[in-house]
There are 2 protein chains.
Amino acid sequence: MSEPDIFGVITPDAQGLVPVIAQQHDTGEVLMVAWMNREALAETLATGQVCYFSRSRNGLWRKGETSGQRQRLVELRVDCDGDTLLALVDQTGVACHTGRRSCFYRAVRQGELVEIARPLVSPDELYGHEHGHGHSHG
Amino acid sequence: MSEPDIFGVITPDAQGLVPVIAQQHDTGEVLMVAWMNREALAETLATGQVCYFSRSRNGLWRKGETSGQRQRLVELRVDCDGDTLLALVDQTGVACHTGRRSCFYRAVRQGELVEIARPLVSPDELYGHEHGHGHSHG
């Protein structure tokens, strides 16, 4: 698909970004939410590997480039308003920088905010010690 | 749960809003994305019926109040950064103002943007003729 086809229905924000929900294609698990600009979306569609735009690093973020936890694009969908994308993906390993499969690992249950998933790998394993303690992009 | 517990981990935007993904709790279908402010979130947790904040109407949007297509809250989750909520819901009828079950009814397939779901009800049935042609909130 050429870029204009999909961009014709997308309404990015003032920064040229659109939020993207990544969902595991077979289990339906919502893994994470991140952002794409035009370039990230074009690369994702061209390569079949999900590429976001990192607002904190102000550049393309090829998911899994550092951590190996890549996302293969299975299908890209867009909502009625064109202001949110849904990426059905096949997630290698974990999506969350905390080492958990999904970023949505805390839930309100019986009136308390509780953790409902544990890390499957340590952030050190994902990024190495030199990566520092900031919010890493895997 | 008291309001501060969940708000302690949430980082709303400059408008005091946080995006919310609504997902059908049993099928995993991503239905829609909307916004909540503090008041909408508190009401949702207190009543068990999902209430959003409508940016276009600048007020609380009790999902289904007009259309009858309500969302019962099954579980509320928050992501690692605290900047996105995931609401597992039981959707009555359809989530989308177009009459489709999900707002994500268009997909990139074989290089084309195609509709992958049809309306189950007409917008006229959802909102009545007097509702006008703007983007309705069901």
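Per chain, numbering begins at 1; letters A, B, ... match sequence-line order. Keep in mind the model is a prediction, meaning the values are calculated, not measured. Every heavy atom of this structure was used, including side-chain atoms; hydrogens, water molecules and symmetry mates were not.
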In terms of heavy-atom proximity below 4.5 Å to chain B, should A:Val78 be classed as side chain, backbone, both, or neither? both

With rounding to the nearest 0.5 angstrom, report the CG to CG distance, A:Leu31 to B:Asp79. 12.0 Å

For residues B:Val74 and B:Val30: do they belong to one hydrophobic cluster (side chain heavy atoms under 4.5 Å, members Ile, Leu, Val, Met, Phe, Trp, Tyr)? yes

Tell me whether A:Trp35 is reachable from A:Ile10 by hopping between hydrophobic residues (I, L, V, M, F, W, Y) whose side-chain heavy atoms are closer than 4.5 Å. no

Closest heavy-atom pair and its distance - B:Gly28, A:Gln23: O-NE2, 2.8 Å

Report yes or no: do A:Leu41 and A:Leu73 belong to one cluster of Ile/Leu/Val/Met/Phe/Trp/Tyr joined by side chain heavy-atom distances under 4.5 Å? yes

Linking I/L/V/M/F/W/Y whenever any side-chain heavy atoms sit under 4.5 Å apart, do A:Val20 and A:Val33 land together? no

Which answer fits B:Arg100, side chain, backbone, both or neither, if we ask what part of it has an atom under 4.5 Å from a heavy atom of chain A? neither

Side chain, backbone, both or neither: which part of B:Ile21 has a heavy atom under 4.5 Å from chain A? side chain

Which atoms form the tightest heavy-atom contact between B:Val108 and A:Glu75, and what is the distance? O-CG, 4.2 Å

For residues 9-35 of chain B, the salt bridge (Lys or Arg N to Asp or Glu O under 4.0 Å) pairs (sequence neighbours left out) are B:Glu29-B:Arg101

When the 4.5 angstrom heavy-atom criterion is applied to A:Leu88 and chain B, the contacting part is neither

For the side chain of B:Arg106 and the backbone of A:Arg77, is there at least one donor-acceptor N/O pair under 3.5 Å apart? no

I'd like to check the ring-ring contact (aromatic ring centres under 6.0 Å, His included) partners of B:Phe104; sequence neighbours left out, ordered by chain and number. none

